[in-house]
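Worksheet for the structure shown next.
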Amino acid sequence: MTHSFKTGLMLAGLALGALGLADPSPAHAEDDPIRVGSFLAVTGPASFLGDPELKTLEMYIERLNESGGLNGRAVDLVHYDTAGDANKARTFVKRLLEEDEVDVILGGSTTGTTMAVIPLVERAEVPFVSFAGGVSIIDPVKPWVFKTPHTDRMACEKIFEDMQGRDITRVALISGTGGFGKSMRGQCMDVAPTFGIEIVADETYGPGDTDMVAQLTKIKNTEGVEAVVNAGFGQGPAIVTKNVAQLGFTVPLYQSHGVASKKFIELAGDAAEGVRLPAAALLVAEKLPMDDPQRPVVVGYKATYEAVHGEGSVSTFGGHALDGLMLYKGAVEAAGGIEPAAVRDALENTRGYMGTAGEVTMSADDHLGLGLSAFRMLEIRDGDWALVE
Amino acid sequence: MAHNVRPSGYSKFAKKQTYTRRMGTKKNRAQMLLSERGGGLSLLILVILVLPLFLANNYHYDVVVNIGINAIVVVGLNLLIGHAGQISLGHAGFFGLGAYVSAVLTARYGVHGLVALPVGALGVGILAYAIARPVLRLSGHYLAMATLGVGLIIHIVISREAWLTGGPDGMYVPPLEVMGVAVYGGPVWYWIVAGALILAVWLSLNVIDSPVGRALRGLNGSEVAAQAAGVDTTRYKVMVFVLSAVMAAVAGSLAAHFSEFVSPTKASFLQSILFVTMVVLGGMASTFGAVLGAVMLTLLPQVLADFADYEQVILGLIMMAVMIALPKGLVPTLTALVKRWVRRAGS
């Protein structure tokens with residue numbers, strides 16, 4: 001009995017000791033590596049975002065270190081996989097802030113995970129660049145929060161701008177009821193009046209619907225519809241495109257940036273001919289004119305990424321991560337160090353940075369800094385993208 | 001003094017009769033220490049008192065507070081699954097509903113957090129009662145299906161009603177305020193959640209050791225036999241279902257204020273599965289098993305996060321190993337071992 005009791009005590013002591021030892025607090029010195037923290041949805045339903053983002057960060061941080069690091073200091077990436085779960089994101093960001101003591105946080109693949117951690121980074125006063133789409137991340141502006149991807153609102157504006165050029169004023173909207181379609185529908189309704197556009201029909205379809213003929217017939221029978229805008233991603237838009245062709249409906253059809261992938265052309269087939277959509281320049285990297293200032297950036301990223309991960313693997317989402325990393329790099333170089341407040345100010349003062357998403361010029365009340373030039377209007381011709389200018 | 005003996009056979013002046021005395025089942029000291037109500041609760045309080053010494057920063061507190069919140073839900077769920085033998089695959093729904101009632105009332109309507117919490121608990125209790133009456137007539141797979149449906153419906157409503165709940169992206173929750181001071185930070189929340197957990201465990205242990213608990217065990221063993229013995233089985237099933245739903249709702253409210261953010265993942269089907277897994281892994285019908293299950297399944301993903309891609313594989317292997325080696329769950333198997341060991345050492 002006594003013997004076993006002693007063994008028990010020793011075990012308990014060992015366990016406590018291990019707990020105590022497991023917490024080395026890292027001391028920061030001038031020549032220590034710069035610690036970049038990241039939390040991305042590498043697995044789970046949003047992995048199509050997180051996976052290329054993480055690959056891009058890893059690849060470019062390695063390149064950065066090979067070329068002598070940032071301000072002469074090596075860069076370390078600390079990454080955790082959120083699987084798209086906002087609660088996990090919160091815990092991991094606490095870990096990044098409190099335990100890993102990172103100097104900057106890049107990431108948050110989805111709007112949900114980003115929004116969940118904003119109170120934490122605001123309180124900790126660490127610069128944070130998100131790769132998520134939602135406009136609510138930077139509107140209203142939060143001092144420590146920045147983001148790189150274009151927003152739904154800009155996609156709507158780009159579409160309406162193109163319509164103005166074609167003298168279209170009466171528009172029918174058909175949108176998916178999923179998060180993306182819903183958000184974009186709201187934004188389009190919001191900005192339509194500023195472009196003199198009138199929404200004359202507003203239809204929706206569910207995420208699992210396989211036929212939208214009913215909604216489109218209603219739109220077709222609406223008086224004076226001059227164009228149809230479809231907000232949604234996944235299969236829905238391909239079905240809408242096919243149904244429009246089947247109905248012999250000849251008005252211009254606009255899709256959103258949510259379908260900007262070759263998969264969409266495959267799914268919609270011949271019906272996709274003549275469909276227009278706003279998309280990031282990366283999609284048409286090689287088709288950009290030689291004198292386009294964005295050409296070297298997107299062609300360079302595409303070549304670098306595809307050299308490692310295979311032909312056709314590049315996506316705009318990885319580009320958002322590259323932009324985030326490069327914005328931080330620029331800010332550190334401008335601030336001459338990694339002191340959080342100085343880096344934050346430098347980020348806010350970013351002027352004319354050319355990224356994969358477009359030219360970024362930030363200000364105290366714009367923490368995105370992209371103009372409408374970020375989107376290119378594409379038209380599908382002969383089963384491929386073509387630039388509309 | 002024959003007139004002092006009552007017709008029931010008990011003396012007015014003798015010691016108060018209790019269940020344990022009457023049945024002659026009073027425990028000796030060693031047994032008391034190994035029992036859940038004696039040693040178990042003391043050990044839990046001791047661990048909770050000592051633990052802050054090992055928590056170095058807010059991240060550690062965050063993990064521990066999450067463990068506590070999950071443990072409250074799982075302790076409640078264990079009453080339903082472990083003791084009453086009724087499965088629920090929808091408890092994350094009640095958890096999420098509690099969280100969203102607190103979130104919406106405080107953020108959108110300016111209701112005080114301390115008012116929103118009981119409102120949420122009461123609302124979920126009424127909902128659970130309304131659902132329980134018809135649903136608990138079912139058993140086995142049908143009951144699992146029905147509770148699964150309830151959980152899914154709650155999840156869908158939360159994700160779809162974006163004007164109220166913020167939709168799939170979630171919404172902010174203002175921090176809890178007590179007398180004008182915002183409750184924020186790991187250490188404060190540690191004590192709040194610790195208090196709630198001790199209360200939940202104490203409540204659970206007392207329910208188990210009461211006539212209600214015996215009725216529940218009876219209906220778990222054989223519902224027909226329990227009915228034949230005069231137990232109103234539906235009433236007890238509904239009672240324990242409502243109790244566990246309310247505990248989940250309270251934990252949800254605490255979670256909402258603690259994280260200052262709610263998203264529909266809190267109410268998702270996978271979260272429900274996770275709660276059930278915690279009960280099974282820790283050991284069914286063991287309150288501390290439930291706590292240990294919550295500890296393991298909240299802590300392991302954090303510990304294994306460094307293994308990145310292999311995290312899920314290692315987690316799966318650990319769970320498989322536990323279920324193969326200790327099929328009754330961690331705590332029941334281990335306490336049985338210790339009891340055998342004590343008996344051998346004593347003889």
Side-chain angles (χ1 to χ4, degrees), chain A residues 1-5 8 15-20 22-25 39 42-44 54 78-101 110-120 123-124 132-134 136-137 177-180 182-183 186, chain B residues 50-51 53-67 69-70 96 99 159-160 162-163 166-175 184-186 255-256 258-266 268 270-271 298 301-309 311-312 338 341-342 344-346:
Chain A
M1 180 79 193
T2 358
H3 177 70
S4 334
F5 185 61
L16 292 185
L19 268 172
D23 182 49
S25 37
F39 64 106
V42 180
T43 59
L54 179 61
V78 188
H79 171 263
Y80 298 111
D81 176 14
T82 64
D85 181 338
N87 297 315
K88 274 193 186 171
R90 254 192 103 262
T91 307
F92 282 134
V93 165
K94 269 205 170 158
R95 188 169 183 171
L96 289 171
L97 293 169
E98 301 269 347
E99 190 154 271
D100 302 317
E101 297 183 15
T110 63
T111 307
T113 51
T114 300
M115 295 303 282
V117 307
I118 285 178
L120 300 177
R123 221 174 254 139
S136 48
I137 296 168
T177 50
F180 179 87
K182 221 169 169 175
S183 156
Chain B
V50 174
L51 196 59
L53 297 177
F54 302 99
L55 301 176
N57 55 40
N58 254 326
Y59 159 63
H60 290 168
Y61 274 108
D62 189 90
V63 173
V64 177
V65 168
N66 275 324
I67 288 175
I69 288 170
N70 284 339
S159 350
R160 284 293 169 82
W163 59 277
D169 290 342
M171 66 182 282
Y172 285 123
V173 187
Y184 165 72
F258 166 65
S259 28
E260 293 170 46
F261 183 82
V262 284
S263 71
T265 43
K266 274 198 163 63
S268 68
L270 280 178
Q271 187 72 33
T298 319
Q302 294 296 325
V303 175
L304 299 177
D306 294 331
F307 293 97
D309 293 348
E311 180 194 328
Q312 300 294 329
V338 174
W341 187 48
V342 167
R344 205 177 298 154

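The sequence lines fix the lettering, A, B, ..., with proteins before strands; numbering per chain opens at 1.
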- Check the pair A:Arg95 / A:Glu101 against salt bridge (charged side-chain N to carboxylate O under 4.0 Å, His left out), numbers first and verdict last. CA-CA 8 Å; A:Arg95 188 169 183 171; A:Glu101 297 183 15; over 6 Å; no
- Message: I'd like to know whether A:Glu98 forms a side chain to side chain donor-acceptor pair (under 3.5 Å) with B:His60, so could you lay out the CA-CA distance, the side-chain angles of the two residues, the decisive distance to 0.1 Å, and finally the verdict.
- Response: CA-CA 9 Å; A:Glu98 301 269 347; B:His60 290 168; over 6 Å; no
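Proximity to chain A is absent for every atom of B:Tyr61, based on heavy atoms less than 4.5 angstrom apart.
Between B:Phe261 and B:Tyr172, the angle of the ring planes goes over 60°, which puts this pair in the perpendicular group of the 30/60° scheme.
Contact count against chain A (heavy-atom pairs under 4.5 Å) is highest for B:Asn58 among B:Asn58, B:Val262, B:Thr265. The greatest number of non-hydrogen atom pairs below 4.5 Å with chain B, out of A:Val78, A:Asp81, A:Asp85, is found for A:Asp85. Ranking A:Ala132, A:Ala116, A:Ser183 against chain B, the residue ahead of the rest is A:Ala116, based on heavy-atom pairs under 4.5 Å. In terms of heavy-atom pairs under 4.5 Å with chain B, the best-connected choice from A:Arg123, A:His79, A:Met115, A:Lys182 is A:Arg123.
A donor-acceptor pair under 3.5 Å is formed between the side chain of A:Arg90 and the backbone N or O of B:Ser259.
The side-chain hydrogen bond (donor to acceptor under 3.5 Å, both in side chains) check on B:Arg160 picks up nothing, with sequence neighbours excluded.
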